[in-house]
Amino acid sequence: MLSLFAVGALIAGPTLGVASPGGATGHAPVRMPNVVGETRSQVFAVMAADQLFFATHGPGSANGTWTVVVAQSPAAGTLVPYRSTVSLTVKIDLAHQPRPAPVLVGLTRPQVYKIMSEYQLFFTTSGPGASNGTWTEVVSQSPGADVLVAWHSTMHLIVSRAVVHAKRAVPRLIGASKAQALALLAQAQLGYAAQGLDAKSGTWTTVTRQSPAPGTQVDWHSTVVLDVTGPSPTTTTTSTTTTSTTTTTYPGETTTTTAPPATTTTTVKTPTTTTTLKPAPKPSKSRDFRIGIATWYSYIPGQCATWYLPLGTRLVVRNLATGHAIVCLVTDHEASKGDHVVDLSETQFAELEPLWRGVIHVKVSW
């Protein structure tokens, strides 16, 4: 409550500055978030989450009618003291740029409300459950995904009451061929992730281990981790044929006669073939994941920051609005907690969404 009150007080004047409240000593510095291009509501949310205060300068700062941040000091990524005050240059921007429509098909009601709020778009619904708000899933949308729509425009969603899928038992896959394993998983409506020999190339032939174990009850469309191996190596046999010639000399004779060639004797030697198979990889645990907000800051491409994972953790970050994913390595720690799940480098954030979006809704797996 103290931070929100202080942030609100800063709107009173264009050059107003408030000293950081006492009692903040002993806290680690905070990395300055990037708020350039953010709206007022987004700035309040981000700064409150990072426990920072701000003073505004520019059109609309005197009466709180500004709409977007155009510059900030210090720059994004700079370490600043906990609960310190930063300076934002703002303006009144009535001409918001069009933006691509998000992917909403297949999402639940909470996911749709969250994403549409972030994109600053409205929506109407039709279909089962639309009239009384009991719908559970989007089955169609207009305009379609990635079509440019105006700021604060309205999209139409066709919705339905999705069937609640019951848990199902994981089939036994150990020893099964690739075709058998895929057929069993499809029948159970489960996904899979293969690892081990020939997993990356897709030429694996046999399942050696699985996780979860056979018979485990899991959710619909859960992922089963398979340890797999490729085809057995082929062996060859080498044959060696030796031909001998016999010479016979009779006693008392001075003539040496060479007898006709004897019957050829063929000796076939079969060398012992030793085949060494690499040990099957250890069974792995199913991936852990979090769903929340991702932002970006000026950092090393391919590396990222979290507040809850050890350094050196490899992450897969998937944009829930588009399905696109990137991989990064945790080499930094952020101060924010809650639903703020990862800070990406500028390069990798741009692979998921344009930098001007500032924040996106993601699933982080490791």
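Only this structure's heavy atoms are used, side chains among them; waters, hydrogens and symmetry mates stay out. In this chain, residues are counted from 1 in sequence order.
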How long is the gap from [atom1] on [X] to [atom2] on [Y], to the nearest 0.5 Å?
X: N319; Y: I326; atom1: CG; atom2: CD1; value: 10.0 Å
X: M116; Y: K114; atom1: CE; atom2: NZ; value: 14.5 Å
X: S84; Y: Q51; atom1: OG; atom2: CD; value: 11.0 Å
X: S142; Y: L104; atom1: OG; atom2: CG; value: 11.5 Å
X: Q72; Y: T78; atom1: CD; atom2: OG1; value: 8.0 Å
X: Q120; Y: E118; atom1: CD; atom2: CD; value: 10.5 Å

So which heavy atom on [X] is nearest to which on [Y], and how close?
X: M47; Y: V86; result: CE-CG2, 3.3 Å
X: L226; Y: L173; result: CD2-CD1, 3.5 Å
X: A145; Y: V103; result: CB-CG2, 3.4 Å
X: F349; Y: A294; result: CE1-O, 3.8 Å
X: T313; Y: P310; result: OG1-O, 2.7 Å
X: G215; Y: A169; result: O-CB, 4.0 Å

With sequence neighbours excluded, residues passing side chain to side chain contact (heavy atoms under 4.5 Å, CB included) with [X]:
X: Q111; answer: L107, T108
X: V30; answer: D50, L52, V80, Y82, A335
X: T331; answer: Y299, Q303, L329
X: S153; answer: L121, V149, A150

TODO: Pick out which of R209, Q195, Q210 makes a side chain to side chain donor-acceptor pair (under 3.5 Å) with D227.
DONE: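 Answer to the side chain to side chain donor-acceptor pair (under 3.5 Å) test with D227 among R209, Q195, Q210: Q195.
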
- [ ] I would like to know whether V35 and L88 meet side-chain contact (heavy atoms from CB on, under 4.5 Å); could you show each step before the answer?
- [x] CA-CA 9 Å; V35 293; L88 306 180; 3.7 Å; yes

Task: Intermediate values then yes/no, side chain to side chain donor-acceptor pair (under 3.5 Å), R161 and T134 - done: CA-CA 7 Å; R161 296 187 184 97; T134 58; 3.2 Å; yes

Are side-chain heavy atoms of [X] and [Y] found at a separation under 4.5 Å?
X: I291; Y: H361; answer: yes
X: L190; Y: T223; answer: no
X: V341; Y: Y308; answer: yes
X: D343; Y: C304; answer: no
X: P214; Y: V170; answer: no
X: W296; Y: I360; answer: no
X: V228; Y: T206; answer: no
X: R40; Y: V43; answer: no

Task: Hydrophobic cluster of V359, others only, ordered by chain and residue number, side-chain cut-off 4.5 Å - done: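 In the cluster with V359 are I293.
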
- [ ] Run through the side-chain heavy atoms of Ile, Leu, Val, Met, Phe, Trp and Tyr, join any pair under 4.5 Å, and report what else lands in I174's cluster.
- [x]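 Taking Ile, Leu, Val, Met, Phe, Trp and Tyr as members, I174 stands alone, with no cluster partners.
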
Give the cluster check for [X] versus [Y]: same hydrophobic cluster or not, with ILVMFWY residues linked at side-chain heavy-atom distances below 4.5 Å.
X: V362; Y: L355; answer: yes
X: I300; Y: V327; answer: no
X: V342; Y: Y297; answer: no
X: V36; Y: V90; answer: no

For the backbone of [Y] and the side chain of [X], can you confirm whether one donor and one acceptor N or O come within less than 3.5 Å of each other?
X: W307; Y: H340; value: yes
X: E351; Y: H324; value: no
X: R31; Y: L79; value: no

Task: All ring-ring contact (aromatic ring centres under 6.0 Å, His included) counterparts of Y192, not counting sequence neighbours - done: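 Checked Y192 against ring-ring contact (aromatic ring centres under 6.0 Å, His included); zero matches.
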
Task: Worked check of side-chain contact (heavy atoms from CB on, under 4.5 Å) between K91 and V68 - done: CA-CA 6 Å; K91 71 173 183 177; V68 66; 3.6 Å; yes

Open item on the list: Ignoring hydrogens and geometry beyond distance, is a side-chain donor-acceptor pair present between R318 and S365 at under 3.5 Å?
Closed with: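 No, no side-chain donor-acceptor contact under 3.5 Å.
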
TODO: Identify which one of V105, I158, L157 satisfies the side-chain contact (heavy atoms from CB on, under 4.5 Å) criterion when paired with V139.
DONE: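 Option passing the side-chain contact (heavy atoms from CB on, under 4.5 Å) with V139: I158.
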
Residues forming a side chain to side chain donor-acceptor pair (under 3.5 Å) with [X], sequence neighbours excluded:
X: E346; answer: S298
X: S73; answer: none
X: S87; answer: H57

Task: From CA spacing to verdict: side-chain contact (heavy atoms from CB on, under 4.5 Å), L309, L315 - done: CA-CA 10 Å; L309 290 174; L315 301 184; 3.3 Å; yes

Give the table of side-chain donor-acceptor pairs shorter than 3.5 Å for residues 122-129, with sequence neighbours excluded, one pair per line with atom names and distance.
residue : atom : partner : partner atom : Å
T124    : OG1  : H156    : ND1          : 2.8
S126    : OG   : H156    : NE2          : 2.8

TODO: Measure from NZ or CZ of R314 to the centre of the six-membered ring of W366 and say whether it is under 6.0 Å with the direction within 45° of the ring axis.
DONE: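 Cation-pi check for R314 and W366: fails.
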
Open item on the list: Test side-chain contact (heavy atoms from CB on, under 4.5 Å) on V112 and V159; report intermediate values, then the result.
Closed with: CA-CA 11 Å; V112 169; V159 298; over 6 Å; no

Task: Any pair counted as salt bridge (charged side-chain N to carboxylate O under 4.0 Å, His left out), so long as it reaches residues 356-366, sequence neighbours left out - done: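 Every salt bridge (charged side-chain N to carboxylate O under 4.0 Å, His left out) pair that includes a residue of residues 356-366, provided the two are not neighbours, is E353-R357.
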
